[in-house]
Amino acid sequence: MTLPPKANAACSAFFARRASPPQLFFIAAACFPAFMLQRNLAVLAAETACFFLLALARRGKINALSPLAVLACVTAFGALTPYGRVWFRVGSFPVTYPALAGGLRRALLLDGMVFLSQFAVSPRLTLPGRAGAVLAGVFACLDRLTSGAPPLAAKAAFARGGFAGLFRALDARLYEAYYRVSPLADKLPLPDPPPLPETQSGGIRLRQARRPAASLLLALPPLLMYAALFLPHG
Amino acid sequence: MPSSFKELGRSLLETPNAGVCYDDGMKDKKLVPFLAALCLFLSALEYAVPKPLPFLRVGFANLPLLLALGKLCFSDMLLLALLKTVGQGFVSGTAFSYVFLFSGAGTFASMLAMVAVRRLFLRFGRRERLVGFVGLNMAGALASNAAQLLLARFVLFGQNARYIAPALLSAGSASALLLGLFAGGFARVSRWYASLPAADSA
């Protein structure tokens, strides 16, 4: 599922102006316990749907088939152990409401957590300290592997020389990427601080602070989710 | 032959020349981040492969772990497994989900099993390789699937996890066999792989 280009551009601009990756990460971390503890199935489904929309807005496109398959499979597996009130029958197999609801709850939790993660976490999220530096080194290597040289024409290499041709092409790419990389662990690349924007007159102005009201809006979702914990559940 | 199981366990974790060391003891520090990046690259490639069930994965991202056996010491293998798990969580955006837990459990179980099997056969084979990439990958795949099934049993499906066990184990074994053959073929012809120093050379 993909957002239309205009909507995608508007969402990207919104997130770039209103919230940094660490802010989104902490907001999602704050939402996480309230989501896990939610017992009301309808509220859980609504929260999962909201996370889906947030992840779609943040990323621009999401694979919707896989979460739907997970929802169907996990719910069905939950219903395989019937207990309690029989709701309906599939042939002679009784489908009970508690078992089905339990499976559905697990499925919604699973999908909701994936969407929440997709909203909160991105490769641009930088962790502090040595751990962040090591991870930044890994992403720097990934950048080297995926950019620069012409893309690996695996199909063409296989068509020309079979597996031997494919292995040679892979080897050439790895050799070039590995020995072109400077020793990373000795000087692990830390992300450069963003340059301060210059005004048209040539002076340097201070970075514009994000509007505090917009930042407060971001604190609303966790508060609402914790308040929803007190709703009655069936 | 080790005289007791305790000695056997200790011997499986130790090697005479631990670490990726040159003669002057300097470690090749760029290999771990490079292999971790390769794991992430192959993981992204794996998402493009259509899967019959969402839980069945081909296992491309485990290839660098397999190739790293014998090139990295145990602590570097642990670091590689950790970087693979955390990096995949960041790239695919699943760091907060059960997927992260399953990925971590599978990766670490697979890595520990492969290291243990390799050390076991090296110890008894007196430096002759009695097990190749196929055997190592099969051991890793079975350990990974077992760890994930245990998690599925206690976290997701309860006792119903037994219904997915046959499909998961047979698909995992089949893909491990094919990937092991692929890794063995690649390692035989690769200049890059041959240029990497061995971790436990005599």
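Numbered from 1 within each chain, the chains take letters A, B, ... in sequence-line order.
Contacts with chain A were tallied for B:Val99, B:Leu79, B:Leu40; B:Leu40 has the most, counting heavy-atom pairs under 4.5 Å. Options A:Asp111, A:Leu80, A:Leu109 differ in how many heavy-atom pairs under 4.5 Å they form with chain B, and the most are formed by A:Leu80.
When all heavy atoms of B:Ala37 and A:Val138 are compared, the pair lying nearest together is CB-O, 3.4 Å. When every heavy atom of B:Gly185 is checked against every heavy atom of A:Phe167, the shortest pair comes out as C-CE1, 3.5 Å.
In this structure, chain B has no heavy atom under 4.5 Å from any part of A:Ala107. Both the backbone and the side chain of B:Phe182 come within contact range of chain A, each with at least one heavy atom under 4.5 Å from a heavy atom of that chain. Residue B:Leu38 touches chain A through both its backbone and its side chain, counting heavy-atom pairs closer than 4.5 Å.
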Report task. In sequence, state the C-alpha distance, the side-chain angles, and the governing distance for A:Leu170 and B:Trp192, and then conclude on side chain to side chain contact (heavy atoms under 4.5 Å, CB included). Result -> CA-CA 10 Å; A:Leu170 283 169; B:Trp192 167 73; over 6 Å; no

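Once rounded to the nearest 0.5 Å, the distance linking CG of B:Leu196 with OH of A:Tyr178 reads 5.5 Å.
Ring centers of A:Phe163 and B:Phe186: at least 6.0 Å apart, outside the cut-off.
With no hydrogens or angles considered, a side-chain donor-acceptor pair links B:Ser195 and A:Tyr179 at under 3.5 Å.
The closest side-chain heavy-atom distance from A:Asp171 to B:Tyr193 is not below 4.5 Å.
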